[in-house]
Structures are given as structure tokens and as C-alpha cells.
Amino acid sequence: MNARQWSKDLAMGAKFAFTGGREGWVRVLLTGVGVGLGVALLLLTTAIPSAMQARSDRETARTDMTFGVDEAPKADNTVLVADVGTEFRGRDVRGRQLEPEGLRAPLPPGLKKFPAPGEMAVSPALKELLESKDAKLLRERLPDRITGTISEAGLIGSAELAFYSGGENLARYGDGPGITRINTFQGEKAPSEEMDPVLLLLVLTVFVVLLMPVGVFIAAAVRFGGERRDRRLAALRLVGADGRMTRRIAAGEALSGAVLGLLFGTGFFLIARQIAGSVEVFGFSVFPSYLNPTPVLALLIAVAVPAAAVAVTLLALRGVVIEPLGVVRTARPARRRLWWRLLLPLGGIGLLVPMIGKGTENGNFNEYMVVGGVILLLVGITALLPWVVEAVVARLNSGSVSWQLAVRRLQLSSGTAARMVNGIAVAVAGAIALQMLFAGVQSSYTESTGNDLSRAQMQMSVPRTAPLAEARQSLADTRGVRQAMALSDGWLGSGRKDPETSTPLTVGDCASLREVAKLPSCREGDVFAVHGADYDTDTPKLATPGGKLYIDPSYSGEEKSKEVAWTVPRGIMKAAPGNDPKGWERGGFLFTPSALPAAAASTLDGQIYLQLDMTVPDVQELVRNAASKIDPLTDPWTYAASERSDTFDSIRTGLFVGAACVLALIGASLLVSQLEQLRERKKLLSVLVAFGTRRRTLSLSVLWQTAIPVALGLLLASVVGLTLGAVLLKMTATKVTVDWLSVLAMTGIGSAVVLVVTALSVPPLLRLMRPDGLRTE
């Protein structure tokens with residue numbers, strides 16, 4: 001067979017696809033929509049790397065807070081930047097106060113001019129939030145007049161909450177935390193770090209699990225209308241076409257649908273690209289300009305989808321005998337063989353088993369073997385499910401009329417029913433495996449903070465410019481605050497400059513000091529030396545009565561400090577160590593306020609620990625509002641029992657975003673597939689109604705036809721998902737445990753998608769059962 005004949009037959013198939021009348025147009029349209037949905041999701045996936053890079057570039061282009069970098073000297077090209085960011089009901093608000101120091105001061109990206117004191121420029125999302133009724137507390141915290149909008153160049157996402165406000169006399173904060181002087185906003189990119197092997201395994205698995213259902217659905221979509229097409233091909237045999245020719249013509253029809261799907265997919269992608277700019281999913285948002293598919297991957301999709309359509313069609317027709325007088329498919333098909341279907345999952349396990357134990361400590365995973373193994377296991381579902389459906393429905397006979405109608409239909413075309421749920425079964429199996437993997441390894445990426453939440457729920461850093469006692473009293477008077485404890489921290493050394501030994505010092509009233517150490521007794525004017533604290537061996541040596549020490553000593557290479565001299569009093573008492581609400585065991589010297597030299601007061605950093613009444617609505621927002629009134633540079637944060645790796649959380653967020661898109665695709669694909677199935681049986685349904693069959697019976701039979709293969713698919717998906725999850729956990733050297741709640745949740749979500757699709761297909765089903773369906777008979 002030469003290429004010319006192939007192209008001729010394919011062209012004829014394409015012609016049949018577009019000239020087959022209304023039925024042909026509807027079928028090719030459904031195929032195009034189905035393939036287009038899958039193509040759109042593939043294009044979105046290929047655009048993710050560029051979107052992540054664009055966000056990173058934007059972040060780098062507006063870098064202002066740097067660590068370990070020498071501060072620029074004051075000049076006419078410098079600007080003082082203060083971090084005045086906050087949080088509102090769990091959402092971060094990026095805030096900066098700007099004070100230009102000359103005419104050539106650099107503007108941050110996204111601004112046309114510096115806001116004056118009392119003015120601010122905000123992101124569109126923050127402006128919308130501030131104008132909403134629910135943001136009254138945030139508006140009180142950000143009272144400046146809005147005079148401008150931050151353009152796209154200054155934001156990393158369309159839904160980012162950010163603002164720049166005008167600063168005044170920021171130099172009074174000195175070189176304290178949260179303030180810096182810069183002459184450019186263009187930061188240097190951090191060097192890339194090699195990813196942890198387990199996190200790499202998570203990323204690979206997430207991509208495979210999210211993309212596999214898309215591929216399965218595209219393969220199912222190009223087979224829409226298969227039975228009607230086969231009968232048309234039988235007619236071609238009557239006019240002289242041989243079997244191979246009819247198969248090539250069928251491939252041409254599928255190719256047309258796939259090409260149309262590419263066009264639809266491009267359109268869907270462009271629509272989704274615009275919509276993406278107005279939504280935020282799990283705190284992640286992008287601008288439409290970020291979503292640019294990688295050219296090589298986009299070209300691969302453009303080639304692979306039509307090629308896959310042809311290959312799937314030819315493969316599907318291998319089991320169908322197209323004869324001049326009909327298609328053998330209308331008879332009961334031959335029983336499917338099981339042995340070769342088991343080879344796929346067994347091959348997948350065979351690829352994954354050698355990776356067992358290669359966790360963080362034992363080396364890297366072979367990416368190709370991991371991806372290949374996961375793909376084979378998940379593809380194994382699509383091979384096993386038709387056999388399972390056929391084997392089970394063959395044993396189902398008795399029951400109500402609707403049940404028997406459904407079972408008989410499934411016995412005649414179990415393959416079609418299995419194809420409908422292949423995608424959802426693969427998605428559920430992958431989701432179960434990933435849930436097991438995430439649950440198993442999350443403890444490795446989660447650390448206890450040590451915070452004692454029973455003693456404090458918030459902590460706040462107070463700038464040195466704000467009187468600590470007044471700040472404590474202001475917070476104590478805030479509604480919802482039960483207790484406010486203030487402590488000041490500093491350092492004390494054995495010498496004026498570059499001391500050989502140094503130790504921390506803490507200043508607070510007796511009640512506050514008792515919260516962080518065990519004191520024998522306490523009166524105003526006392527000083528204590530803590531003995532026995534972990535990692536503090538210098539305090540007992542320094543606590544010699546009459547010894548001369550220096551508060552805030554200087555160090556080489558840094559600006560000269562206060563170097564306040566202090567003599568250890570003869571009445572200094574010993575104290576036993578204790579933990580503060582943050583879980584930190586404090587050592588060093590403890591001062592009551594009047595024992596501290598007055599000159600040393602300005603060298604200390606104030607901290608306030610807050611115990612809250614969590615039953616008061618928005619109590620944390622009330623505290624943040626009170627803090628902003630004390631000083632814009634106060635830095636309140638909420639205590640948490642544990643904290644997790646940012647990379648781990650990013651991957652998990654990526655999974656949720658991707659899963660949401662895949663579930664939407666599966667729902668849409670199931671609906672399109674269901675409508676195509678109903679359209680195929682339009683006349684049959686009308687005939688049954690005309691003979692007196694109740695509409696309720698037919699509706700129930702349609703429900704059973706969907707529910708039986710879905711139940712079998714979810715059962716098979718659970719088995720494969722648990723197997724895959726166990727193998728992945730073994731690979732990471734983690735104990736295998738099953739989170740049955742997650743398994744039930746995943747299968748429940750899959751069932752819910754099917755129920756929604758069934759409900760949406762009922763109106764067209766009732767319409768198809770009307771008598772005018774017999775009009776052409």
C-alpha cells in the first residue's frame with residue numbers, strides 16, 4: 001500500500017465526515033468538542049512552566065527586601081522602603097511604604113509615580129476588596145486615599161492583594177528590620193536548588209496522574225458514533241470497498257474530528273486563558289499573558305492528537321468485521337481475553353519495584369522508570385475495565401424491567417460503557433495513590449514550631465521607635481485580647497567591641513519574667529542570671545558580681561553600637577530556665593525595667609505575646625488594626641502548631657489546581673459522551689415509548705447503564721490506586737498506611753461527578769423520547 005492510496009482514503013473519510021448530512025455533522029461536532037476539551041487542557045498544562053517563570057520574573061523585578069546584601073548609601077538615586085504588609089482573613093496583603101530620597105529614586109514596577117504621604121496605589125484586586133462591604137476592618141487598617149493602581153508589571157498574579165503607600169521620615173527607624181534603602185528594584189535571581197528526590201517523585205506522579213485522564217478521554221472522544229459509522233462503512237463494502245479501505249476511510253473520519261478538535265481546543269484554550277486572568281484557585285492566580293504554551297510541546301500536541309486518533313480508530317476496528325450485509329458488532333461480541341490485559345499493570349509494577357527504598361537518603365529515582373511504571377499501571381485500568389464490565393454484566397439477569405433493559409444493553413456494548421468511565425476511573429485511581437503518597441510523606445516536610453498555643457496565639461514585633469509599655473497597654477485594651485505580655489530582647493557581651501563571650505538579655509516586669517523563667521522571688525530593680533539553659537554556657541561565667549559587661553557591643557565590619565557599660569550587681573540572683581510562649585528556652589540575664597541603664601533602652605527589640613479570646617469574631621483582625629495604629633511597622637503574626645515546607649505546599653496546591661481542571665474536563669467529557677450515546681439511541685427510545693414503555697422505566701434504565709460501569713470502574717480504580725499508593729510509599733521508604741477517609745472522598749467525588757452528569761442528561765433524554773423521534777421511520 002502506497003502513501004497515495006492512504007491519503008486518498010483518508011481524504012474520502014474526511015469528506016464523509018463533513019458531508020454526511022445532519023447526523024454526520026453532529027457526530028463530528030461532538031468529536032471535535034470532546035477532543036477540543038482535552039487539547040485545551042493539554043495546552044494549559046504546557047503553559048504552566050511559562051506561567052511559573054513569569055511569576056518568578058515579576059517577583060525578581062520588584063525585589064526590595066534583601067538579606068545578606070550591603071545597604072546602598074543615601075543618595076539622590078535611593079529610596080527607603082518599609083515592609084508594611086499585613087494579612088486579612090488568611091490572605092496575604094503585600095504592602096510597602098516608599099520614601100524617595102532624590103529625584104532619581106527608582107520607581108517599583110507597576111507605578112507611574114511615588115504616592116505622597118497619606119496616599120496609596122493598590123492592585124485591582126485589593127481595590128475591589130476594599131470597596132466591598134466585608135472589608136470594613138481592612139479599610140480601617142489601610143485608611144490612605146487611593147490615588148493610583150498598580151499595573152500588571154508590578155504584580156505576580158491578577159488576584160494579588162498589594163499596595164504602595166507614601167512614607168515620611170522613615171529614616172527614624174534606622175537599620176531596623178523591615179526597612180531598607182535601595183537604588184534598584186531589580187534583584188538577583190536565587191540560584192536554583194536541586195529538588196528533593198521525594199518531591200521530584202511527587203511532581204512526576206502529579207503530572208502523570210493529571211494528564212492520563214486527558215489522554216484517555218481524547219482516545220474515547222475520537223470513537224464517538226462508532227456503531228453508526230460502522231454501519232455506514234458496511235454500505236461502502238456493498239459498492240466495492242475492501243476491508244482495509246473501509247478502515248482507512250474510518251481513520252480519515254476520525255482524523256477530521258481530531259483536526260476539528262485541535263481548532264476547538266485552540267479556541268477553548270484562548271477562552272480559558274482570558275478567564276484564568278479573573279479567577280484565583282487555592283491562592284494561585286495568573287495574568288492571561290503568562291499562559292504561553294511551550295512551542296515544542298504545542299507542536300507535539302498538534303501532531304500527536306491526530307496521529308492518536310488514527311491509531312485508536314484502526315486499533316478499535318481490528319475487533320469489528322465490516323461486511324457488505326452488516327457489521328458483526330451488532331451480534332454478541334466474542335469474550336474478551338484477560339491475560340494480555342494483566343500485562344500492563346504487572347509491567348508497571350515491574351518498573352516501579354526496582355525503585356523501592358530509594359528515598360531521600362538512598363539516592364535518586366529514575367524518572368523514566370517512575371513515569372513509565374505509573375503510566376502502565378493507570379493504562380492498565382483502561383484495559384481491565386472492559387473485561388471486568390463484561391464479566392460482571394454477563395452474570396446479571398433478573399431484576400426490574402429498567403434493570404433488564406440496562407443489563408441487556410451493557411451485554412451488547414460493554415466496551416462503549418467502559419470507555420465512558422475510563423477517564424474517571426484513571427483520575428480516581430491516581431488521586432487515591434497521590435493522597436496516600438502525600439499523607440505518607442507530609443510528616444517529613446512538617447515541623448513542629450514548639451509554639452505553646454495555650455499561652456499565646458499571636459506575637460508582635462514592635463519597632464524601637466514605639467514605646468513598648470504603651471503598645472502593650474493599647475493591645476491589652478483591644479476587644480478579644482485576654483492578656484498581653486511584653487518583653488524586650490538584646491545582647492550583652494564581655495567586651496566593648498568583638499566580645500569573646502556574649503549572652504542574651506531580656507527585660508520585663510516580674511509577671512512577664514515569670515512566664516519565661518523560674519524565679520526565686522522578684523521585685524522591681526532585680527536582675528537574674530539564668531543557669532542551666534541549653535546552648536548557654538556563658539551566662540554563669542559572665543554573672544560574676546562586680547564584673548563589667550557591655551549592652552549592645554560592637555562588631556567589626558558593622559556600624560558602631562551603643563556599647564552601654566553595665567556592672568554585674570552583687571545582689572544578682574540565680575534563675576532556672578523556662579520556655580517562653582514561642583517554645584524557646586531563654587538563657588542569659590533577666591532585667592526588671594528599672595535595673596536596665598536608661599541609655600540601653602533604645603538598643604532593645606520589643607516583643608508582645610497575646611492571649612486571645614478566639615470566640616470573638618475577627619479577633620485577629622482587631623489585633624492587626626490595633627497594631628497598625630501603634631506603628632505601621634509593627635509585625636504581628638499568628639502562632640501555628642506546625643509549619644510545612646513551601647515546596648511541598650506548592651506541589652500540593654498544583655495538584656489541587658490541576659485536579660479541579662481535570663474534574664471539570666471529566667464532567668464535560670462524560671456529558672458529551674452521554675449525549676452522544678442518547679443521540680445514537682434516539683429512534684429506539686421513541687419506539688419503546690410508542691409501544692407503551694413508561695418514561696420512568698427508560699430513565700431508570702439509562703441511570704443503571706451509567707451506574708453499573710461507574711461502580712465497577714470506581715472499585716477497580718480503588719484497587720489500582722491503593723496498589724500504586726503502596727508502591728510509591730515503599731519507594732520513599734515510608735510506612736504504608738491507608739487513609740480510608742481520603743479513599744472514600746475520592747470515590748465520592750467521582751460518583752458525584754457522574755450523578756451531576758446524569759442529572760444534566762435527563763432533559764435531553766425526555767426530549768428524545770417524544771413521538772417525533774419516529775418521524776423518519
Side-chain angles (χ1 to χ4, degrees), residues 212-213 215-224 226-227 230 308 311-321 327-352 373-397 399 403-404 406-430 432-433 666 669-670 673-674 677 704-724 727 747 750-751 754:
M212 272 299 297
V216 170
F217 169 65
I218 289 177
V222 297
R223 297 175 67 180
F224 283 169
E227 295 180 21
D230 294 348
V312 168
T313 305
L314 293 178
L315 191 65
L317 290 177
R318 288 183 63 189
V320 180
V321 180
V327 179
V328 178
R329 177 185 282 178
T330 55
R332 185 168 185 148
R335 289 184 66 83
R336 289 181 168 84
R337 295 176 182 175
L338 177 62
W339 66 270
W340 70 266
R341 299 172 190 273
L342 290 173
L343 293 180
L344 291 173
L346 291 177
I349 293 176
L351 284 174
L352 295 177
V374 175
I375 287 176
L376 283 178
L377 258 176
L378 295 180
V379 169
I381 293 177
T382 64
L384 283 171
L385 189 56
W387 182 88
V388 171
V389 173
E390 182 188 77
V392 172
V393 297
R395 291 167 174 77
L396 301 175
N397 286 310
W403 176 266
Q404 290 189 41
V407 167
R408 181 58 183 158
R409 178 69 189 176
L410 290 174
Q411 287 173 344
L412 285 174
S413 59
S414 61
T416 304
R419 280 199 299 275
M420 282 181 60
V421 294
N422 266 340
I424 200 164
V426 169
V428 169
I432 289 174
I666 287 175
S669 69
L670 271 178
S673 181
Q674 184 82 310
Q677 288 288 308
W704 291 129
Q705 285 173 53
T706 306
I708 293 173
V710 164
L712 294 173
L714 292 179
L715 184 63
L716 180 63
S718 300
V719 173
V720 174
L722 291 173
T723 304
L724 179 57
V727 174
T747 52
S751 304
V754 173

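Bear in mind the structure is a predicted one, so any value in this text is a computation, not a measurement.
- Pairing each heavy atom of G713 with each of A425, the nearest pair is O-CB, 3.8 Å.
- By the ring-ring contact (aromatic ring centres under 6.0 Å, His included) test, W403 pairs with W704, sequence neighbours left out.
- Using a 4.5 Å cut-off on side-chain heavy atoms (C-beta onward), P345 and V720 make no contact.
- For the side-chain contact (heavy atoms from CB on, under 4.5 Å) criterion with L377, the lone passing option out of L346, I349, V727 is I349.
- Taking the side chain as every heavy atom from C-beta outward, L376 and L352 never approach each other to under 4.5 Å.
- Between L712 and V389, the shortest heavy-atom distance links the atoms CD1-CA, 3.8 Å.
- Inter-residue side-chain proximity for L715 and V388 is flagged as unmet; no heavy-atom pair is nearer than 4.5 Å.
- Rounded to the nearest 0.5 Å, atoms OG1 (T723) and CD1 (I432) are 10.0 Å apart.
- Rounding to the nearest 0.5 Å places CZ of R341 at 10.0 Å from CG of L385.
- The minimum heavy-atom distance between A429 and L378, with the atom names listed, is CB-CD2, 4.1 Å.
- With Q705 contributing its side chain and L410 its backbone, the two residues share no donor-acceptor pair below 3.5 Å.
- Inter-residue side-chain proximity for I381 and L344 is flagged as unmet; no heavy-atom pair is nearer than 4.5 Å.
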